Amino acid sequence: MEAEERKPCTAILLSAGQGKRLGADRPKQYLEVGGHPLIAYSLQCLERSPLICQIILVVGAEDIEWVQTRIVERYQCSKVTAVVPGGKERYESVWKGLAHVREKEGYVLIHDGARPFLTEEILERGYETVERWGACVAGMPSKDTVKLVGEDLTAQTTPPRDRVWTIQTPQIFSYSLIFRAYESLLQKKEIQVTDDAMVVEQESGRRVKVFEGSYRNIKVTTAEDLEVADVFLKAK
Ligand SMILES: Nc1ccn([C@@H]2O[C@H](COP(=O)(O)OP(=O)(O)OP(=O)(O)O)[C@@H](O)[C@H]2O)c(=O)n1
Ligand SMILES: C[C@](O)(CO)[C@H](O)COP(=O)(O)O
């Protein structure tokens with residue numbers, strides 16, 4: 001399909017986390033790895049992609065100015081139309097980003113700024129999937145056996161491994177679906193969600209399709225992940 005026939009897709013790049021599990025002196029997405037801040041890698045991939053029309057960067061309130069000059073201007077990201085403050089939890093940051101989407105007839109792609117290895121191939125696969133399903137997430141088959149474990153740390157059940165996928169970002173939805181799902185979520189008193197697909201599953205009952213991400217598309221969460229990211233970047 002020609003690019004001009006395609007619906008516009010807005011990216012929300014999440015960068016308002018504090019990186020507590022990594023415990024560096026600043027949020028992990030701003031640590032320099034391979035000569036650039038981690039956030040710069042996925043940001044540049046989104047900037048270059050013909051599939052993305054607008055980028056919304058959601059950052060800590062205290063980092064807005066720094067991100068504007070040291071990231072957006074340094075990497076000449078002309079698609080970034082808004083650098084906005086996030087919330088305490090990831091879902092709050094997504095909600096704040098959704099308020100700045102211009103193309104309400106199109107798609108919204110949500111990506112973790114702490115996942116530096118986004119590629120055009122992943123974006124292509126995601127876009128093709130969202131065109132068919134309206135809601136999709138990147139994932140990969142689990143290489144390990146997964147067990148649900150009780151509070152006493154005894155194994156309770158072992159789901160068949162060929163049905164277990166670990167879920168990544170990007171997660172892509174039609175704007176109306178994700179906006180309504182988040183609007184409904186935020187009415188709740190108790191909120192326990194760890195990704196955007198969960199919000200859609202819970203609040204709309206819609207099935208979310210999983211498409212192939214990449215085993216390289218890791219999220220930098222702990223210090224070991226930073227070492228892995230460094231190795232991947234050196235191999236590039
Ligand atoms: N309130 C939050 C929390 C997370 N994120 C973003 O969501 C992504 C995935 O979150 P995670 O790895 O959990 O990052 P942190 O919240 O920073 O990590 P931690 O839980 O260790 O503090 C990251 O790009 C992070 O910046 C966000 O925008 N707003
Ligand atoms: C959205 C996500 O990256 C999918 O793997 C993940 O759930 C984020 O979780 P975290 O608790 O913010 O690390």
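These figures come from a predicted structure and were not determined experimentally. In this chain, residues are counted from 1 in sequence order. Counting convention: from 1, in listed order, for ligands and their atoms alike.
Here's the thing with Val58: none of its N/O atoms is less than 3.5 angstrom from an N/O atom of ligand 1. Between Thr221 and ligand 1, not a single N/O pair is under 3.5 Å apart. Among the atoms of Val220, none of the N or O lies under 3.5 angstrom from an N or O of ligand 1. Not one N or O of Leu22 is nearer than 3.5 Å to an N or O of ligand 1, by distance alone.
Checking side-chain atoms of Gln156 against main-chain N and O of Val149 turns up no donor-acceptor pair under 3.5 Å.
A donor and an acceptor atom, one from each side chain of Glu103 and Thr10, are nowhere located under 3.5 Å apart. Inspection of the Lys209 and Thr129 side chains reveals no N or O donor paired with an N or O acceptor under 3.5 Å. Donor-acceptor pairing under 3.5 Å is lacking for the side chains of Ser142 and Asp144. In this structure, a donor-acceptor pair under 3.5 Å is present between the side chains of Tyr182 and Asp196. Remark: the Tyr30 side chain and the Ser15 side chain contain an N/O donor-acceptor pair separated by less than 3.5 Å.
The distance from ligand 1 to the heavy atoms of Ala16 drops below 4.0 Å at these ligand atoms: 2 (C), 26 (O), 27 (C), 28 (O), 29 (N). Contact atoms of ligand 1 toward Ser93: 1 (N), 2 (C), 27 (C), 28 (O), 29 (N) (distance under 4.0 Å to a heavy atom of the residue). Counting the atoms of ligand 1 from 1 in the order shown, those under 4.0 Å from a heavy atom of Gly87 are 1 (N), 2 (C). Residue contact check: Gly113 has heavy atoms under 4.0 Å from atoms 24 (O) of ligand 1. Within ligand 1, the atoms closer than 4.0 Å to a non-hydrogen atom of Glu89 are 1 (N), 2 (C), numbered from 1 in the order shown. Using a 4.0 Å cut-off to heavy atoms of Lys20, the atoms of ligand 1 that qualify are 19 (P), 21 (O), 22 (O).
Contact residues for ligand 2 (protein heavy atom closer than 4.0 angstrom to any ligand atom): Arg21, Arg90, Asp112, Arg115, Ile167, Thr169, Thr194, Asp195, Lys219.
Among Gln171, Lys219, Arg90, the one residue that satisfies the side chain to side chain donor-acceptor pair (under 3.5 Å) test with Asp112 is Arg90.
Qualifying ring-ring contact (aromatic ring centres under 6.0 Å, His included) partners for Tyr107, counting only residues two or more places apart in sequence or in other chains: Tyr127.
At a heavy-atom distance under 4.0 Å, only side-chain atoms of Lys219, from C-beta outward, approach ligand 1.
No more than 12 heavy atoms of other residues, nucleotides or ligands sit less than 6.0 Å from atom CH2 of Trp133.
Annotation: cation-pi geometry satisfied between Arg216 and Phe232 (NZ/CZ under 6.0 angstrom from ring centroid, within 45° of ring axis).
Taking the centre of each ring, Phe179 and Trp95 come in below the 6.0 Å mark.
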